[in-house]
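Structure, as structure tokens:
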Amino acid sequence: MDTFLQVLTNGLMLGGLFAIVSIGLTLIFGIVKVINFAHGEYLMVGMYLTFLLATGLHVHPYLTVAAVAPLLFVLGALTQRFLIQPLMSARDEHVQIFATVGLSTALMNLALLVFGADIASTPSSGLRTSLHLGPVRILLGQAVIFVVSIALVAALHWYLQRTQTGRAIRAVAQNRDAAQLMGINVNWIYILTFGIGAACVGLAASLVAPLYPTQPTSGTYFVLIAFVVVVLGGLGSIGGAFLGAMVIGLIDSLSGFYIGSDLREVAVFGVFLLILILRPSGLFGRKNLAHVSP
Amino acid sequence: MQQKLKPALASPRGAIGLALVLLGVLAIPIAMDDQFIYHIFVTICIFAALSTAWNIVGGYAGQLSLGHAIFYGIGAYAAVMLTNMGITPWLGMFVGAFFAVIAAIVVSYPCFRLHGPFFALATIAFLEVFRVLALHFRSFTGGATGMMIPLNIGWEWMVFRDRLPSLVIAFGMMLLALAVAWWIRNHRLGFQLIATRERESAARGAGVQTVKVRLIGVSISAALCSLVGSFHAMYLTFIEPEAVFSLTFSIQIALFALIGGIGTVFGPLLGAVMLVPITELARGWLGSGALGLHGFVYGVVLVLVVLFMPNGIMGLVHRFLEPDRKPKAEPEPETVAAEPRRVAPHQVGDDIIRVEGLDKHFGGLHVTNNVSFNLKEGEVLALIGPNGAGKTTVFNMISGFLKPDSGTVSVRGTDGQFHQPVTPGDYAAIGVGRTFQIVQPFASMTVEENIMVGAFHRFTDVNDAREAARETAHRMGLGRWLDSEARGLTIGGLKRLEVARVMAMQPRVLLLDEVMAGINQTDVRRAVDLMLSIRDSGVSIIAIEHVMQAVMSLSDRVIVLNSGQIIAEGSPQEVVRDPTVIEAYLGKEFAHA
Amino acid sequence: MLELEAVDAGYGATTILHGVSLNVQAGEAVTIIGGNGAGKTTTLRTIAGLIRPTSGSIRFEGQDITRLEAHEVVELGITLIPEGRQLFPDMTVRENLLMGAFRRKAREQAEATLKEVLQLFPRVAERLDQIAGSLSGGEQQMVAIARGLMARPRLLMFDEPSLGLAPIIVEQVFSVIDRIVETGVTVLIVEQNVHHTLKAADRGYVLENGRIVLADAAEALLDNDHVRQAYLGI
């Protein structure tokens, strides 16, 4: 029983990790309607930045967020402005996919050129300490990620619902043309949203780096999971993405324990394919089915 | 991405250019006789072949697969496993192709509902599953340690001391892939794949079985990739899951097609010819010190191509081949064939369509409520009513695009029996053709090619279809624009194209959804004449129409639909005097006029 | 107030408007009539800055607005109520209306404007907290018009306000438009429902195949043979 509880807890903690990595992707997809294949590389870049700042300035990795998140904001905003925006009117979706796939390939290999294939370890700064909660054990760093992911969901929700800019962002997502007719500068909203989405990844990177090794391919693993989470959560729903992340975390943890750790991905992607094909609106989504034929 | 659909071979300069490229790929390494140069050119051939095969799915059919390494990997593993069991790869490669086709169907069938990035995501997910499974089933695949082939040298084992035979085989595979891609592009399958990509619903309306043609396309593509994979494994003598079922590799395959010109026959070849040497040379010169450099170059090139050269190299090639081709100024609409209208009294026959009790709900909305009517042979039946009355919904249900919640549609076949078709394909097969209210041209195809898609419903041969399309085009007054891209037509022209595509199918029943909308008065009169001549040729017509002038002069009978219910039915004269109709649709002013 | 001069515009390579010239004086109600696809919607979208003209010029109160972005055009006081309502479906009616007052000049007075506008639309006032997507077509059209007024526009443009509505609702929509015209807002309406719109307007233009073929006082157009034959089906 205790083992089961531990596996379950691990699943939820993993869910927190997946959630914090996926929220930015969900936001960008939900508003800009672009699937950003370079999302994982944003995370990787953020993790390297955290590594460099934490080791270079000898500060706690969490403190680097003050620099990493703004830098990622700029990276995201630049991506939107100079890569996505020129292609927004393209008749063919292939173009946007290739654009972000190209960015992803370029960033990953740039990291390989600059840092080599070796692992960069950000100091864990005490975040690997175990906390004992009754029968289960969790790492301090995991607990922080879990709590911050919930806080981030709440903060974004508040921002989108209660602020004038947040409302404008939602308006653009729901009806781009009408939003323009209200006097909203749609291109600017897209840049802002892309920036915020990337900044969320920056936050995630600073929390993740002390616990996980940083290498050029770090992003690849997470980005595939993040896609799964976004689809599961119902494409663009931030709360849905959080729940989706929990589900995937649990599947990952349970299948890893009961089926075999090398088949976890089969379980995760199997569930993903089933959802995508059988219930394309996601587990928690509504309508928004522009991506499937009737 | 837009592309010229006329194959480059049509121009002599293009044919010579292609021959030179092919010759170069074979002759340069032989002439230089250097191991490394041989390796580069074998790699060019391999990627050109894979990319050409990918293009059948990613380009023609417009389904962006990032999982094509699956098929390549199946071929590779099949060949290596069988070689280890003492079976020659010349056989093994076909075993691999067989399994690749099965995998392709299993993977693609459920994914074809997904569009754009979601199709890409699903193929990536499938690729990951294959990779993890290949790692897991060690006893079959050797797991992460990979598999070697036994060093039996000779043609029988596809393993050679010299590089020349490998080049010959790789070159042959590339030629095979190019020939297949070229053949498809110039035959019915290619037209149907491209039509499906451009407008799926319009393709189905033209009788294309979109799922079937895509499955055929992806099967051919997978088989080709698998064959190449088998050879490549023999060439490399070693395979492992991480290298074979690799996302990066999948992306590379697609990349060459994109850079060369996605959807073109020879673009992928050009992409590989341009890019493989650069990256292989860079790798050779800089060695491991520049780990990641070639990937970085790929990524940057990809971004630049997408931003500044979305039609790829072929886009430039076409500009070179046809330098004087400027977009023609919009010509004035041409007159519709002005044959005098026959006044012969037309015969109205027995029922050809019977519609009984059609009900349809969208969410809480009752869009059609117990709609029943019939259409007699040789009759023109007009369906009128306010916007949102459910007219188009009725059309969608009597052409298979929408399943009614209850009620039946029966169509009399040529055998005299009534049948109940289900899918758009069934309706097309029994002779019911439809147009769409919002015109749905295959935008990047020419007018002739658009109509040919309809004609392929009757003909398998390209030349027959072309002949029929031309004839239909002239009849519909589109003769002058045969070679223009459909996107350049005016609304009136597009409406006529819509009808022409259906007429090329030679339907027995024609469903016309607002074909007069948005065209001017003179054109309305011509269109009415055209409809009447179509009717006189024995086609029964149901027309949704707002232009009352046309309704009055065209129809034998009128049905008025309001809020999903039939509120009146009768001759045009009766209907316009009906107080309910005036109240709901025509307005009092119409009655007072 | 608004002046189009020889405007060509379209989508991509397709030119839809060919040399369209028209003008609207302050306080006037002007209509553009024409069949489906004649270019009416394109005209309004071009004025609103959603489509950039390929040639010709558009001036508003003396200022050249030909190259302005849509949101800049809104800031000047031109509001388009688009075809097919185009509400924000997942927002409440109140949020939709407040989005209408996004333009800087309208933002501070949003609450006051809301009170004024709701007086004109008692039915909308009852539904403030409903999700806009759950309203009926007629109610949505009313919300769309109310949302347009929230911007306190100097020029209000309607694109097919009667589209897809039951005749009874169409009457209501036009009576609202009449009242808006009475309050002195300058109005430009595009409609297929030619009879109603000519009754509501002072002047009208007839657009066919992207060209203005007729321009006259609304009453004169009602009696014009061509208009009667082509658009009134008489």
Side-chain angles (χ1 to χ4, degrees), chain A residues 26-27 29-31 33 81 85-92 95 156-193 234-240 281-282 284-290, chain C residues 11-13 41 44-45 47-52 68-92 94-108 110 131-133 140 143-144 147-153 156-159:
Chain A
T26 307
L27 184 72
F29 178 75
I31 313 294
K33 316 273 193 251
R81 174 62 189 86
Q85 189 174 308
L87 302 174
M88 286 294 265
S89 59
R91 281 183 299 120
D92 199 323
V95 186
L156 280 178
H157 186 79
W158 174 84
Y159 179 71
L160 291 177
Q161 294 294 330
R162 295 276 171 257
T163 67
Q164 179 79 4
T165 317
R167 264 198 290 270
I169 291 177
R170 280 161 58 219
V172 170
Q174 290 178 27
N175 193 326
R176 183 196 150 117
D177 266 13
Q180 274 185 294
L181 293 174
M182 301 300 110
I184 297 170
N185 183 344
V186 172
N187 283 335
W188 190 79
I189 291 286
Y190 283 150
I191 292 171
L192 176 71
T193 307
L235 300 171
S237 150
I238 291 169
S281 55
F284 315 104
R286 305 163 298 151
K287 42 195 180 180
N288 198 356
L289 288 177
Chain C
Y11 301 88
T41 296
L44 292 195
R45 290 175 67 88
I47 299 171
L50 292 171
I51 301 171
R52 191 155 288 182
L68 291 192
E69 301 275 345
H71 62 96
E72 295 167 323
V73 173
V74 175
E75 289 295 340
L76 295 176
I78 300 181
T79 292
L80 168 63
I81 298 170
E83 180 181 345
R85 278 87 73 178
Q86 308 281 354
L87 298 184
F88 304 111
D90 297 335
M91 291 188 176
T92 62
R94 182 192 299 275
E95 282 182 306
N96 263 281
L97 295 179
L98 289 177
M99 287 317 299
F102 192 86
R103 140 174 133 98
R104 250 170 254 126
K105 284 203 177 122
R107 210 176 291 175
E108 293 97 53
I131 297 295
Q140 289 196 17
V143 174
R147 188 181 61 178
L149 287 171
M150 288 294 296
R152 300 192 149 270
L156 188 58
M157 303 192 290
F158 293 85
D159 192 356

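All values below were derived from every heavy atom in this structure, side-chain atoms included, with hydrogens, water molecules and symmetry-related copies excluded. These numbers were taken from a predicted model, which means no experiment stands behind them. Within every chain, numbering begins at 1; the chains are lettered A, B, ... in the order of the sequence lines, protein sequences first and strands thereafter.
Closest approach of A:Arg167 to C:Met91, counting heavy atoms only: O-CE, 3.4 Å.
Using non-hydrogen atoms only and a strict 4.5 Å limit, the part of residues 95-102 of chain C facing chain A consists of C:Glu95, C:Met99, C:Gly100, C:Phe102.
Both the backbone and the side chain of A:Ala168 come within less than 4.5 Å of a heavy atom of chain C. There is no contact between C:Arg104 and chain A, counting heavy-atom distances below 4.5 Å. The parts of C:Leu80 that come within reach of chain A are both its backbone and its side chain, each placing non-hydrogen atoms under 4.5 angstrom from that chain. Contact of C:Ile78 with chain A is not made at all, since no heavy-atom distance falls under 4.5 Å.
Counting heavy-atom pairs closer than 4.5 Å to chain A, the top residue among C:Met150, C:Arg147, C:Glu75 is C:Arg147.
Atom CD in A:Gln174 sits 12.0 Å away from atom CD in C:Gln86 (nearest 0.5 Å).
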Extract all donor-acceptor atom pairs below 3.5 Å that involve side chains of residues 179-187 of chain A and protein atoms in other chains or at least two apart in sequence.
| residue | atom | partner | partner atom | Å |
| --- | --- | --- | --- | --- |
| A:Asn185 | OD1 | A:Asn187 | N | 3.4 |
| A:Asn185 | OD1 | A:Trp188 | N | 3.3 |
| A:Asn185 | ND2 | C:His71 | NE2 | 3.2 |

